[in-house]
Each structure stands twice: as structure tokens, then as C-alpha cells.
Q: 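First the structure, which I've put down as C-alpha cells, then a few questions once you've had a look.
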Amino acid sequence: MRLRDDRGLGDLDVHPVCIVMIEDDEGHARLIERNIRRAGVNNDIVPFRNGTDALAYLFGPDGTGEVSARRHLLILLDLNLPDMTGIDILEKIKANPHTKRSPVVVLTTTDDAREIQRCYDLGANVYITKPVNYEGFSHAIRQLGLFFSVMQVPENS
């Protein structure tokens with residue numbers, strides 16, 4: 001997956017997109033990465049098993065988010081994490097001026113209509129309910145990987 005930066009009239013700059021995966025279930029994390037790779041996406045995937053570590057990566061030691069300025073990030077977010085909710089993480093990502101442009105794909109077992117609406121209201125770009133069976137989950141992630149291969153990801157400010 002590559003980002004085209006065509007803000008000016010000159011040559012297009014191509015920037016790699018880093019995929020930040022926030023998923024506490026190790027089996028799901030391996031399945032997600034394997035099937036994204038099967039879809040031909042070779043970008044870096046930076047995995048986190050809890051929200052605290054993921055937010056430290058996204059916002060840096062000073063907590064300002066300046067560390068993510070000018071990064072091209074795509075965030076895969078599970079809602080059910082051991083230390084905080086994915087909703088809290090989504091809220092923080094979309095409220096920060098340095099990460100608010102990063103697309104957030106919610107990948108979760110939760111299919112409650114109110115929860116889905118809340119995620120979109122907070123700025124989630126895509127909400128996917130994880131299929132219960134292995135084959136369905138694998139197929140859904142491969143399809144997501146194909147989507148990643150054509151999507152444009154903006155630079156954070």
C-alpha cells in the first residue's frame with residue numbers, strides 16, 4: 001500500500017503507510033497479519049496488545065502526538081482490550097491534531113447497533129464485525145487487505 005501525495009503540481013511523492021494494529025488476542029493478531037499479507041500488502045505492521053502501549057506509540061513520551069506528525073498511519077482497532085476500551089482510544093486518536101486524519105478500522109466481535117453508531121460518530125472510517133468462524137474471519141481480513149491496497153492514506157499534520 002502506498003500513499004500518493006499530490007498536493008502540488010510537481011512530481012508525486014510516494015510514502016509508505018504504517019499499519020498500527022491494536023489487538024489483544026494473539027491468535028486474531030496473527031490471523032489478521034497473515035491474511036493482510038496474503039492480500040499482497042507488505043507494509044510495516046506495528047502490533048500492540050493493549051491501549052496504553054499503542055497510545056504511547058501514537059502520542060510519544062510527551063503525550064502531544066507530535067511524534068505522529070507527518071506519519072502516514074492506518075489503525076486497526078479492537079474495541080475489547082484489557083486496559084481500556086477501543087472507544088476511548090478512538091476518541092483520543094480523533095481528538096488529537098496529529099493523528100485525527102489517520103484512518104481507523106474497527107475490527108471487533110461487537111455488533112451492537114449503538115456501539116457501531118458511536119464509533120462512526122467518533123470518527124471511525126470502517127467498522128467490521130469479526131466473523132465467528134476461522135474461515136469467515138480469514139476471508140474478511142483478506143478482503144480488507146485488498147481494500148488497503150487501493151486506499152489513500154493522508155499524512156498527519
Q: Looking at Glu155 and Arg71, does any basic side-chain N land under 4.0 Å from a carboxylate oxygen?
A: no

Q: Can you check whether Lys92's main-chain N or O pairs, donor with acceptor, with Asn96's side chain at less than 3.5 Å?
A: no

Q: Name the residue from Val106, Leu77, Ile75 that meets the side chain to side chain contact (heavy atoms under 4.5 Å, CB included) definition with Ile89.
A: Leu77

Q: Taking the side chain from Asp53 and the backbone from Phe48, do they hold a donor-acceptor pair closer than 3.5 Å?
A: no

Q: When you compare the side chain of Val126 with that of Phe147, does any pair of heavy atoms fall below 4.5 Å?
A: yes

Q: Would you name the heavy atoms of Arg142 and Ala39 that are closest together and state the gap between them?
A: O-CB, 3.5 Å

Q: Using the rule given for salt bridge (Lys or Arg N to Asp or Glu O under 4.0 Å), can you reason through Glu23 versus Arg30, listing the C-alpha separation, both sets of side-chain angles and the distance that settles it, and then say yes or no?
A: CA-CA 10 Å; Glu23 169 62 69; Arg30 280 194 310 268; over 6 Å; no

Q: So, Thr129 side chain and Thr109 main chain: donor-acceptor pair closer than 3.5 Å or not?
A: no

Q: Answer yes if Leu122 and Ile116 sit in the same cluster of Ile, Leu, Val, Met, Phe, Trp and Tyr residues linked by side chain heavy atoms under 4.5 Å apart, and no otherwise.
A: yes

Q: Under the 3.5 angstrom rule, does the side chain of Ser157 hit a backbone N or O of Pro97 as a donor-acceptor pair?
A: yes

Q: Please evaluate residues Asn156 and Arg101 with respect to the criterion side-chain hydrogen bond (donor to acceptor under 3.5 Å, both in side chains), reporting the C-alpha separation (whole Å), side-chain torsions for both, the decisive distance (0.1 Å), and the verdict.
A: CA-CA 6 Å; Asn156 283 308; Arg101 288 184 185 158; over 6 Å; no

Q: For the SG atom of Cys119 and the CZ atom of Arg114, what is their distance to the nearest 0.5 Å?
A: 13.0 Å

Q: Report the distance from atom CZ of Arg38 to atom NE2 of His139, rounding to the nearest 0.5 Å.
A: 13.0 Å

Q: Let me check something: do Met21 and Ile87 share a hydrophobic cluster, defined by ILVMFWY side-chain heavy atoms less than 4.5 Å apart, either directly or through other members?
A: no

Q: How far does NE2 of His28 sit from CD1 of Ile32, to the nearest 0.5 angstrom?
A: 7.5 Å

Q: Look at the side chain of Asp24 and the backbone N and O of Arg49, then say whether any donor-acceptor pair between them is shorter than 3.5 Å.
A: no

Q: If every non-hydrogen atom of Val153 is compared with every non-hydrogen atom of Pro103, which pair is closest and at what distance?
A: CG1-CD, 3.7 Å

Q: If you group Ile, Leu, Val, Met, Phe, Trp and Tyr by side-chain heavy-atom gaps below 4.5 Å, do Val20 and Leu31 land in one group?
A: no

Q: Indicate if Leu73 and Ile19 have the same hydrophobic cluster label, given that clusters are the connected sets of ILVMFWY residues with side-chain heavy-atom separations under 4.5 angstrom.
A: no

Q: Using the ring centroid of each side chain, check whether Phe59 and His98 are separated by less than 6.0 Å.
A: no

Q: Under a 3.5 Å distance rule, please check whether Asn133 uses its side chain to pair with a backbone N or O of Gly136 as donor and acceptor.
A: yes

Q: If I compare all heavy atoms of Ile45 with all of Pro47, which pair ends up nearest, and what's the gap?
A: O-CD, 3.3 Å

Q: How far apart are the C-alpha atoms of Ile93 and Leu58, what are their side-chain angles, what is the distance that settles it, and do they pass the side chain to side chain contact (heavy atoms under 4.5 Å, CB included) test?
A: CA-CA 8 Å; Ile93 289 168; Leu58 292 169; 3.9 Å; yes

Q: May I ask you to check whether over 12 heavy atoms, not counting those of Lys100, lie within 6.0 Å of atom NZ?
A: no

Q: Between Lys130 and Thr108, is there a donor-acceptor pair closer than 3.5 Å when you use the side chain of the first and the backbone of the second?
A: no

Q: Begin with the C-alpha distance, continue with both residues' side-chain angles, and end with the deciding distance and a verdict on side chain to side chain contact (heavy atoms under 4.5 Å, CB included) for Val105 and Leu144.
A: CA-CA 10 Å; Val105 176; Leu144 183 61; 4.2 Å; yes

Q: State yes or no: do Ile36 and Ile128 share one hydrophobic cluster built from I, L, V, M, F, W and Y residues joined by side-chain heavy-atom distances below 4.5 Å, directly or via other members?
A: yes

Q: In Å, rounded to the nearest 0.5 Å, how long is the span from OG1 of Thr85 to CG of Asp88?
A: 3.0 Å

Q: Tyr127 and side chain to side chain contact (heavy atoms under 4.5 Å, CB included): which single residue from Asp111, Thr110, Val104, Leu107 fits?
A: Thr110

Q: Cys18 versus Val46: any side-chain heavy-atom pair under 4.5 Å?
A: yes

Q: For the residue pair Arg37 and Phe148, would you count it as a cation-pi contact if the rule is NZ or CZ under 6.0 angstrom from the ring centre and within 45 degrees of the ring axis?
A: no

Q: Could you measure the distance from the CD1 atom of Ile22 to the CG atom of Leu55? Nearest 0.5 Å is fine.
A: 6.5 Å

Q: Distance-only, no hydrogens or angles: does the Asn50 side chain make a donor-acceptor pair with backbone N or O of Asp83 under 3.5 Å?
A: no

Q: Distance check, rounded to the nearest 0.5 Å: Arg34 atom CZ versus Ser138 atom OG?
A: 7.0 Å

